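None of the values given here were measured: they were computed from a predicted structure.
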Amino acid sequence: MDTGYLIEVASLCLRWLHLIVGIAWIGASFYFVWLDNHLTAPTDPVLKEKGVGGELWAVHGGGFYNPQKYLVAPRTLPEDLHWFKWEAYSTFITGFLLIAVLYYFQASVYMIDPAVSSISTSDAVDIGLGTLIVGYIVYDLLARLLIERSQLLFGIIYGAFVVAVTYVLTHFLSGRAAFIHVGAMLGTTMAANVFFWIIPGQKKMVTAMQKGELPEAIHGKRGKQRSVHNNYLTLPVLFCMISNHYAFTYTHPQSWLVLSLIMIAAVLIRHFFNLRHRGEVKLAYPIVGGVILLGVFAWVSPRPVAAPAAVSSAAAVAPVAPVTLAEVTTIMQQRCVACHAAKPTMMPSAPAGVMFDTPERITSQAQRMYTQVVTLKAMPLANVTAMTDEERAKVAAWVEAGAKP
């Protein structure tokens with residue numbers, strides 16, 4: 001069976017599974033932060049005697065629910081105790097396998113852009129893997145050192161580190177690979193928090209209770225710290241996951257700043273919802289976040305392509321032959337149909353179903369082709385087929401003249 005097709009199938013299955021388990025994990029994270037912020041002190045003396053510190057009444061799906069949270073832990077543990085861990089582990093495993101299939105096994109296509117740097121495929125993969133490892137080590141050191149300090153201070157320092165990583169990656173890897181690896185670094189940190197701190201801390205608390213001992217409060221404090229951090233990282237990670245569909249973000253000359261500003265906006269918006277769950281409605285956060293996003297979109301918006309200046313008075317009056325569809329078709333055959341065709345040679349299937357292997361298909365996709373080839377210069381991917389500026393100018397001239405057949 002064709003290797004490219006197998007990669008495509010593996011990508012589909014892993015992406016689907018990654019999305020499913022990711023929704024389960026992020027949904028649980030959002031729910032428990034929401035739950036913590038909506039708990040009220042119990043009024044029932046029996047609950048207070050049992051050590052319940054907060055409770056909530058809710059209705060959902062036709063049923064009534066009464067979740068309760070203990071100040072430390074109940075006096076006796078139930079036999080059926082659910083652990084929220086496999087959602088995180090499954091998300092990390094499927095995410096790593098997906099990035100390996102899409103990027104590490106196809107590094108020459110997806111990770112390297114000659115216009116950015118001339119690193120080898122092995123160097124690109126090493127940078128990707130190193131980012132995941134070093135990213136968590138730095139985060140973990142900061143979280144340990146600053147656990148007793150202001151979490152705003154932690155956020156500022158760690159945020160500066162993430163921006164620095166973003167800057168470095170966008171100067172070594174292709175734009176889309178850099179964005180994905182920033183998200184993968186944050187996602188790895190989130191999963192590592194669950195694996196190394198949250199679950200082990202909970203297990204130590206359970207073990208202490210089983211021995212009749214009072215659990216150490218530090219385990220709960222560490223778990224809470226890492227859980228809150230995970231909550232704020234979710235929206236930046238989700239944007240990185242979808243960023244490869246929007247070339248206008250990662251192809252910008254200052255793509256590192258584009259991503260950094262979008263992540264800051266995402267954190268501000270997340271903070272608004274966390275405060276709102278506690279009954280504090282502070283609209284300044286989503287307003288500032290929204291302004292940042294609108295500012296970024298306005299900043300990176302395509303500029304009109306300037307018409308070339310006349311080189312001489314004779315040239316200015318000389319008639320210029322219009323670019324024909326036949327010329328554009330020849331360019332597409334040389335530079336684009338290796339991927340965008342019914343039977344591509346560089347890809348298992350045409351990305352996004354866009355094909356340029358017939359004049360009719362070229363005409364129907366003219367505006368989309370113009371945006372990617374002329375305005376953004378995002379295609380061909382990493383300019384792997386070496387499309388020239390002259391060829392881009394011909395495509396531009398044909399589309400601007402009405403994309404006539």
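- Between the side chain of Thr188 and the backbone N or O of Leu132 there is no donor-acceptor pair closer than 3.5 Å.
- In this structure, CZ on Phe154 lies 12.5 Å from OH on Tyr232, to the nearest 0.5 angstrom.
- A 4.5 Å side-chain heavy-atom check between Ile180 and Ile99 finds at least one atom pair inside the cut-off.
- Annotation: side chain of Ile269 is in contact with side chain of Leu293 (closest heavy-atom distance under 4.5 Å).
- Here the closest heavy-atom approach between residue Gly183 and residue Val237 is recorded as O-CG2, 3.9 Å.
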Between Asn231 and Asn274, is the side chain to side chain donor-acceptor pair (under 3.5 Å) condition met? List the steps.
CA-CA 9 Å; Asn231 176 266; Asn274 287 341; 2.7 Å; yes

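- Smallest separation of non-hydrogen atoms from Met387 and Asn383: N-OD1, 2.8 Å.
- A side-chain donor-acceptor contact under 3.5 Å links Asp357 to the backbone of Ala342.
- In this structure, a donor-acceptor pair under 3.5 Å is present between the side chains of Asp123 and Ser120.
- Side-chain N or O atoms of Asn66 include one that pairs as donor or acceptor with a backbone N or O of Leu56 at under 3.5 Å.
- For the residue pair Tyr65 and His60, no side-chain donor N or O sits within less than 3.5 Å of a side-chain acceptor on the partner.
- Formation of a donor-acceptor pair under 3.5 Å by the Ser29 side chain with backbone atoms of Trp25 is not found in this model.
- The residue from Leu146, Leu142, Val138 that alone fulfils the side chain to side chain contact (heavy atoms under 4.5 Å, CB included) condition with Tyr158 is Leu142.
- Between Lys224 and Asp36 there is a salt bridge, with a side-chain nitrogen of the basic residue lying less than 4.0 Å from a carboxylate oxygen of the acidic one.
- Ion pairing between Glu213 and Lys204 fails under the 4.0 Å rule for side-chain N and carboxylate O.
- With salt bridges taken as basic N to acidic carboxylate O contacts below 4.0 Å, none links Lys69 and Glu55.
- We find the CG-OH distance between Leu97 and Tyr104 to be 11.5 Å, quoted to the nearest 0.5 Å.
- Salt bridge status for Arg226 with Asp140: present, with a side-chain N to carboxylate O gap under 4.0 Å.
- Remark: of the listed residues Phe195, Phe96, Phe84, Trp83, Phe195 is the sole one forming a ring pair (Phe, Tyr, Trp, His ring centres under 6.0 Å) with Tyr89.
- Looking at Met369 and Trp398, their side chains come closer than 4.5 Å, going by heavy atoms from C-beta outward.
- Checked by atom type and distance alone, the side chain of His181 never pairs as donor or acceptor with a backbone atom of Leu169 at under 3.5 Å.
- Counting non-hydrogen atoms of neighbouring residues, nucleotides and ligands closer than 6.0 angstrom, the NZ atom of Lys85 exceeds 12 such neighbours.
- Not one N or O on the side chain of Glu400 forms a donor-acceptor pair closer than 3.5 Å with the backbone of Ala397.
- Taking the six-membered ring where the residue is Trp, the centroids of Trp256 and His171 are separated by 6.0 Å or more.
- Using modelled atom types, one side-chain atom of Ser174 and one backbone atom of Tyr110 make a donor-acceptor pair closer than 3.5 Å.
- Residue Phe92 holds its CZ atom at 10.5 Å from NE2 of His18, rounded to the nearest 0.5 Å.
- Here Leu12 contributes atom CG and Ile7 contributes atom CD1; the two are 14.0 Å apart, rounded to the nearest 0.5 Å.
- Cation-pi contact between Arg144 and Tyr139: absent, since separation from the ring centre below 6.0 Å together with deviation from the ring axis within 45° is not met.
- Note on ring orientation: taking the six-membered ring where Trp is involved, the planes of His38 and His277 are tilted (angle from 30° to 60°).
- The OG atom of Ser227 sits 15.5 Å away from atom CZ of Arg222, with the distance rounded to the nearest 0.5 Å.
- The OG1 atom of Thr371 lies 6.5 Å from the CG atom of Leu376; values are rounded to the nearest 0.5 Å.
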*Could you please spell out the steps behind the side chain to side chain donor-acceptor pair (under 3.5 Å) verdict for Gln365 and His340?*
CA-CA 11 Å; Gln365 295 286 344; His340 292 280; over 6 Å; no

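- Salt bridge annotation for Asp44-Lys50: absent, with no cationic side-chain nitrogen under 4.0 angstrom from a carboxylate oxygen.
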